[in-house]
**Q** 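Please read through the structure below; I'll follow up with questions.
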Amino acid sequence: MMTARSLEQLSSIVSRNAAALSRKLEAQSISSPTVRDIHSPNLGDIDSTAATELANAARELQALVQSPGEQLNLLAFAYYDTISIGILLEFNIPELVPLEGGIALSELAEKVGLLEDKLARIVRYAITNFVFHEPEPNYIKHTPLSAALARDPRFATFLRLSMVDLAPIAVALPRALLKWPQTESITECAVNAAFDTDEPFFAWLSRDATRQARFDQGLAGFSGAVAGRSSNVDIAAYPWGTALPPNALVVDVGGGSGHVSKALAEAFPSFRIVVQDRPEVIEATREASTSGPGNVSYEAHNFRDPQPVIGADAYFLRQVIHNLADKEAVTILQALLPAMKPGARVLISEYAVPTPADLGRSGQLLEAKMVREMDLQMMALLNAKERTRDEFAALFAAADARLRFNAAYQVAEDPKVCIFEAIWDP
Ligand SMILES: C[S@@+](CC[C@H](N)C(=O)[O-])C[C@H]1O[C@@H](n2cnc3c(N)ncnc32)[C@H](O)[C@@H]1O
């Protein structure tokens, strides 16, 4: 369990790490940033350990000093944190505010076609979360958070998907649990309760081409530089160049728009990579990608059917297994086995759920929260889950005793992401 720290311990962690960050800023002649400064580097890039420890301690400090009533009231309305940003994105507001200078609320209201009073109230709510600021009455300017929404449209698409398309599903989770308390069925999820549909999430998603496109682009955006988990982490975490031969054949099963495969193909031009996904995703990807590395090809394949690419060096499943309940995950792994040659790898790239022992280490609370958010998302969309390292090992063992769990690979820059490697050892 996480150890609870006293007021004195927490404040000293905050001041110690703040001092360490200040010293590093000074050494690099960077002036100390504020939450309004859109041109300074992230403090996490200056010293990630100090920034992480400080953020975790500050969060615990807030929980310690605020009354339960104050905290629960903030939590009770936290959906407006989500919804306010969703509205900003729905109306392209971050892009309409110039990065340099700013804009009068009246001019912005005219551009977006909303009543100025409503727009001002929505923006002023977002300001309480450091998204925009109002340096003078009725005039708004960017902060680092609002600027990130404007600077990275793919990340903004991911957030828009999450905050507008998927939020109603999250809200229906209590209803779904009351209706189907004991289920693991893929058609008895919050998505089914929210939209009164009998279809599984991915079928429901593809009923609407715009929604499907937003999902595919959003996932690529989630893997971008400022977002949740960078594709670079997948490239850096696994020893692709030494574990696999120079001309390795890699299959990206459920690879979506192929954004990770493209990054892998660029890093290893002698690899051949096949991206597999549902026919509608592959078709949309082929239409959208006019250019891209020549060593990536695309193939429609249902991952429940036997794997058609025989004898690949690695079968890579990124953010695929977390979409599946245990029984289904085992079936999908088993569908790979007839195609595998001895020594071939199954590589599963997912968040690793921290164990209670991990949570005892300081600096884990915010990270655990992110993993747990994704875990509840999987429950709501697909009755699926995020897993611990031991749970992944158990999935490999349940698929086949000859699928030997070999190692788990992580990088310090994003320790919540893990590549779990199993080797086919018949
Ligand atoms: C969460 S996404 C992950 C995409 C990509 N690997 C990534 O990390 O961004 C899961 C992917 O599995 C695909 N998928 C779902 N059901 C599938 C099936 N039966 N056969 C093949 N792919 C499927 C979805 O279309 C989606 O692209």
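Counting begins at 1 with the first residue of the sequence. Whatever order the structure lists them in is the order used to number ligands and atoms, beginning at 1.
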**Q** May I ask you to list the atoms of ligand 1 that are less than 4.0 angstrom from any heavy atom of His301?
**A**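 Selected atoms, number and element: 20 (N), 21 (C).
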**Q** Between the side chains of Tyr125 and Asp81, does any donor sit under 3.5 Å from an acceptor?
**A** yes
**Q** Considering only non-hydrogen protein atoms, determine which one is nearest to atom 7 (C) of ligand 1 and report residue, atom name and distance to 0.1 Å.
**A** Arg318 NH1, 3.3 Å
**Q** Hydrogens and angles aside, do Gln212 and Asp216 bring a side-chain donor and acceptor to less than 3.5 Å of each other?
**A**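 The criterion, which ignores hydrogens and geometry beyond distance, is satisfied for Asp216 and Gln212.
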**Q** Give the atoms of ligand 1, by number and element, whose distance to some non-hydrogen atom of Gly256 is under 4.0 Å.
**A**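 Listed by number with element: 27 (O).
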**Q** Look only at interatomic distance and state if Arg304 has a nitrogen or oxygen under 3.5 Å from any nitrogen or oxygen of ligand 1.
**A**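 Yes - when backbone and side-chain N and O of Arg304 are compared with those of ligand 1, one distance drops under 3.5 Å.
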**Q** Would you find a donor on one side and an acceptor on the other, under 3.5 Å apart, between the side chain of Asn295 and the backbone of Pro269?
**A**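 Looks like yes, one N/O pair under 3.5 Å.
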**Q** Which is closest to atom 19 (N) of ligand 1 in terms of heavy atoms, Asn302, Leu219, Asp216, Leu317?
**A** Asn302
**Q** What are the atoms of ligand 1, with element, lying closer than 4.0 Å to any heavy atom of Gly255?
**A**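 With Gly255 as reference, the close atoms of ligand 1 come out as 5 (C), 6 (N).
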**Q** Looking only at protein heavy atoms, which one is nearest to atom 1 (C) of ligand 1, and how far off is it?
**A**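 I find the closest protein heavy atom is Gln319 O, 3.1 Å.
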**Q** Out of Ile169, Asn192, Leu381, which one pairs with Trp204 under the side chain to side chain contact (heavy atoms under 4.5 Å, CB included) rule?
**A** Ile169
**Q** Please determine, by modelled atom types, if His259 and Gln217 share a side-chain donor-acceptor pair under 3.5 angstrom.
**A**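 Judged by distance alone, the side chains do not pair up.
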**Q** Any Lys/Arg nitrogen of Glu60 or Arg5 sitting under 4.0 Å from an Asp/Glu carboxylate oxygen of the other?
**A** yes
**Q** For Asp277 and ligand 1, does the shortest N/O to N/O distance drop below 3.5 Å?
**A** yes
**Q** Under 3.5 Å, side chain of Asn42 to main-chain N/O of Gly44, donor-acceptor pair present?
**A** no
**Q** Output yes when the distance from some N or O of ligand 1 to some N or O of Gln276 is under 3.5 Å, and no in every other case.
**A**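 Not met; the criterion fails.
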**Q** Considering heavy atoms of the protein only, find what lies nearest to atom 9 (O) of ligand 1 and give residue, atom and distance to 0.1 Å.
**A** His259 NE2, 2.8 Å
**Q** Would a line drawn from the ring center of Phe316 to the ring center of Tyr238 be shorter than 6.0 Å?
**A** no
**Q** How far is atom 4 (C) of ligand 1 from its nearest protein heavy atom, and which residue and atom name does that atom have?
**A**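 It is Gly254 O, 3.3 Å.
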**Q** Do His322 and ligand 1 have an N or O pair less than 3.5 Å apart?
**A**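 It does not: no N or O of His322 is found under 3.5 Å from an N or O of ligand 1.
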**Q** Can we say Lys327 and Glu184 salt-bridge, meaning some charged N sits less than 4.0 Å from an Asp/Glu carboxylate O?
**A** no
**Q** For ligand 1, find out whether one of its N or O atoms is nearer than 3.5 Å to an N or O atom of Val281.
**A** no
**Q** Could you tell me if Glu299 and Gln276 have a donor-acceptor pair between their side chains, going purely by distance under 3.5 Å?
**A** yes
**Q** Any N or O of Asn323 that comes nearer than 3.5 Å to an N or O of ligand 1?
**A** no
**Q** Relative to atom 14 (N) of ligand 1, which among Phe316, Phe202, Phe303 owns the nearest non-hydrogen atom?
**A** Phe303
